[in-house]
Every structure is written in C-alpha cells, then in structure tokens.
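This report concerns only the one structure given below.
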Amino acid sequence: RETILKRHPEADVAIVALDLSDLASVKTAADAVAKEARLDLLINKAGIMIPPYELTRDGFVSQFGVNHLGPFALTGLLLDKLRATPGARIVSTSSIAHKRGKIHFDDINAEHGYNTIARYAQSKIANLYFAYELQSRLTAAGDDTLSVAAHPGIADTELTRYLPRALMLFAPLFRPLFNTPAEGAWPTLCAATDASVRGGDYYGPSKRNETAGPAVKVRSNRRSHDKAVAQKLWDLSIEMTGIYPGERIKRIYSLKNFTFSLVFQPRVSSTLRAAGENRPRKTIVLFFNPNSRALSEARSVEASVVCVQCR
C-alpha cells in the first residue's frame, strides 16, 4: 500500500482481507469488493505449494481448496460485477507443474493417499481448466470479459517454504537462474494489461523452458484442453463450494437430436430446500421444437426442461 501511494499519491487504495482456505472469508471479501463502482481486473494469484496434508476450514484438502476452489468461488461471486465492466479481465495463475497434473475425481480430497507434488500439480492444471472453461462460457454468452492465465516460471519467493531443507541449501547456487519476485510477476502483468491479449491466452517466461525471462505467450499441455474434464471439474467445483460463477452464464451443448443451452439457476427451489437439497438446479432451454425422443434425452440429463417456442 505504501509503495503504491508513494508512486501515485492520488490513488484510493483499500485492503480487503481474504483467506482462500475459508469460503466464509471469500464471501465476505467478495461482498466488500462488489460494493465498488466497477471491477476491471481480478487476478487470482495467491496459493500454496507442497504443504503437509491438511484440510481447509470447509474440509477440502488444502492445495485444491486454496489454489482452485477458493479462486473459483471468488471469481464466481464477482463475475457479475466483472461482466458489468466493459473489457474486464480475470487472470488465473497456473504453473509449469501443470504438465504433471491430472484431476483425481475418484479421490479429490486425497483421502486414500497424499502426494504433495501430485496434488500441487492437480491444483495447477485445475487453474487452467477453469480459465479455459470460463472463457468458453463467456464466449457462448457473447460477453467481452476475458479469462486468461499466466505462470511465473521459477521465482525466488516464499512459495518454496515447504521444500526440503537439504534442497534449499543449494538454492543460493541456482538463484541467479531464477526470476526475482518482480520478474516472476511479468507474465501476470502481461496477461492483465497487454492490449493484444485474447481470451484463453496463457503467458509465461520466455527462457530456459519457461522457467525465467521476459513474458511471452506460451502453450499449456494437451491434457489441459480436455473440454470434458474441464466441464466435469466445473460441475464438481460448484457442488463443493455451492457457488455458481455468475447469475446466468450459459454454454451451448449438443445431444443427438438437438442443440440446447444449459443455464444454471442460482436460486434453490423451495421444494429442494425442504428436502434438504441446497445445490442450485440446472435448467435446459430448448431453442427449437424438439421431438419426443429429443425431449426424453434432455430429461435424462437430470435437469428441469423448459421449451421455448415449442409447438
């Protein structure tokens, strides 16, 4: 804060407390930010790397909870504010570790084994799945809000505090090869401010296999572009956090006999609430006359079906 005010004395700087390991804190922070007149940029930067096994306040394994679910929830709660601001951007922070990552849907909370590196890699590829899937949905909605991603390479920051002590003894020898904290921020700043950025872009360092150097547009691995996994993770994240990004952001889907738009209604019906079901409902909106077979297929998705202009 002092540094910003020193360079820009006229700036109006407010600090909002946020604990990504606590969804209640995320909601409180989002409520505070949502009171601002506009929101041009959201950078999901904070995270943890290879800590010992522990759970967040909401019962999520920490790396997945802090690195993915927390930013997912914060973005979801602020998405309407961002979409109301022309040209707004959302930057998700990933890592070169995503290349080793995959989503453990069968053991998402690491109850049957916890490998620190594998779980970190999972959280970092989750950041990319979220960034790309969010951009797909924004595009389908005709929105000009951009969802992009970046990674810092290897930067000399406190993120390494859980690395083995024996390894850290050699850190001074390799430090000249790494980015400084300020240099590690280059890809994020590029993704956040460069006029040439397009939705779904990914930025990282340009030297030594993306570990250091100036920021350039880079490519994530093929696995991170798996749309089916991204959509499955999106739905799982909603289920785990109880938060849906935006009021009515949709995506176009296809079944064999028709095309439809899946719209997520954030309000829980009284019937579901009475039954103890607190998750939002899915509504399929059909945009042309479906035949009976198509309608049957739509209902098999376990969502309510609304026909628009059906005869």
Side-chain angles (χ1 to χ4, degrees), residues 16-36 38-48 56 58 60 63-95 98 103 122-141 143-151 188 191-193 197-203 220 224 229-251 263-264 266 279-280:
V16 178
L18 170 64
D19 181 354
L20 289 172
S21 69
D22 182 356
L23 289 178
S25 173
V26 172
K27 292 175 182 177
T28 299
D31 287 343
V33 174
K35 294 177 183 177
E36 296 294 327
R38 57 186 290 144
L39 182 57
D40 295 275
L41 175 65
L42 173 62
I43 300 177
N44 290 311
K45 181 70 174 173
I48 55 176
T56 68
D58 301 284
F60 310 135
Q63 294 196 88
F64 191 67
V66 172
N67 294 353
H68 169 64
L69 292 176
F72 177 92
L74 181 64
T75 304
L77 292 167
L78 292 174
L79 190 57
D80 288 332
K81 173 65 71 171
L82 286 156
R83 295 176 72 200
T85 305
R89 295 188 191 184
I90 301 151
V91 181
S92 298
T93 304
S94 185
S95 164
H98 87 270
I103 307 300
Q122 172 184 252
S123 73
K124 293 293 101 180
I125 198 170
N127 296 144
L128 288 172
Y129 283 133
F130 174 53
Y132 296 154
E133 179 66 9
L134 178 57
Q135 182 58 51
S136 294
R137 292 169 183 256
L138 290 167
T139 300
D143 205 297
D144 69 349
T145 303
L146 299 183
S147 172
V148 296
H151 79 85
T188 301
T193 64
V197 172
R198 297 293 179 265
D201 282 353
Y202 182 40
Y203 286 83
S220 60
S224 67
V229 173
Q231 292 170 19
K232 186 175 181 180
L233 177 64
W234 181 280
D235 290 340
L236 177 63
S237 301
I238 293 170
E239 183 176 346
M240 296 180 75
T241 63
I243 295 170
Y244 188 84
E247 281 293 315
R248 291 176 63 84
I249 183 170
K250 63 186 180 181
R251 183 179 177 85
V263 182
F264 215 93
R279 288 182 298 174

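The structure presented is a predicted model; accordingly, all values stated were derived computationally and were not measured. In this chain, numbering begins with 1 at the start of the sequence shown.
- Partners of Ser237 according to the side-chain contact (heavy atoms from CB on, under 4.5 Å) rule, which considers only residues two or more places apart in sequence or in another chain, are His68, Leu69, Phe72, Leu233.
- The side-chain contact (heavy atoms from CB on, under 4.5 Å) test with Lys124 is passed by exactly one of Ser94, Ser220, Ser224, Ser92: Ser94.
- When the options Leu39, Asp144, Thr145 are evaluated for a side-chain contact (heavy atoms from CB on, under 4.5 Å) with Arg83, the one that passes is Thr145.
- The minimum heavy-atom distance between Asn44 and Leu74, with the atom names listed, is OD1-CD2, 3.9 Å.
- Rounding to the nearest 0.5 Å places CD1 of Ile103 at 9.0 Å from CG of Leu236.
- Note: Glu133 CD to Gln231 CD = 5.0 Å, rounded to the nearest 0.5 Å.
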>> Apply ring pair (Phe, Tyr, Trp, His ring centres under 6.0 Å) to residues Tyr203 and His151 and explain how you reach the verdict.
In response: CA-CA 6 Å; Tyr203 286 83; His151 79 85; over 10 Å; no
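- Taking both residues in full, the closest heavy atoms of Asn67 and Asn127 are given as O-ND2, 2.8 Å, listed atom of the first, atom of the second, then distance.
- Atom OG1 in Thr139 sits 8.5 Å away from atom CG in Leu146 (nearest 0.5 Å).
- Judged by distance alone, the side chain of Asp201 and the main-chain N or O of Arg198 form a donor-acceptor pair under 3.5 Å.
- Nearest heavy-atom pair, Gly65 versus Pro71, reported as atom, atom and distance to 0.1 Å: O-CD, 4.5 Å.
- Across every non-hydrogen atom of Ser147 and Ala131, the tightest pair is OG-O, 2.7 Å.
- Side-chain N or O atoms of Asp58 include one that pairs as donor or acceptor with a backbone N or O of Leu23 at under 3.5 Å.
- Looking at every heavy atom in both residues, Ile43 comes nearest to Ala192 through CD1-CB, 4.1 Å.
- Ile48 CD1 to Phe64 CZ: the interatomic distance, rounded to the nearest 0.5 Å, is 12.5 Å.
- Side-chain N or O atoms of Thr85 include one that pairs as donor or acceptor with a backbone N or O of Lys81 at under 3.5 Å.
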>> Show, in sequence, the C-alpha distance, side-chain angles and deciding distance for Asp22 and Thr56, and conclude whether the side chain to side chain contact (heavy atoms under 4.5 Å, CB included) test is met.
In response: CA-CA 7 Å; Asp22 182 356; Thr56 68; over 6 Å; no
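- The closest donor-acceptor contact from the side chain of Arg89 to the backbone of Ala191 lies under 3.5 Å.
- Taken from CG in Leu79 to CD1 in Ile90, the straight-line distance is 5.0 Å, to the nearest 0.5 Å.
- Residue Ala30 comes nearest to Leu78 through the heavy atom pair O-CD2, 3.5 Å, listed as atom of the first residue, atom of the second, then distance.
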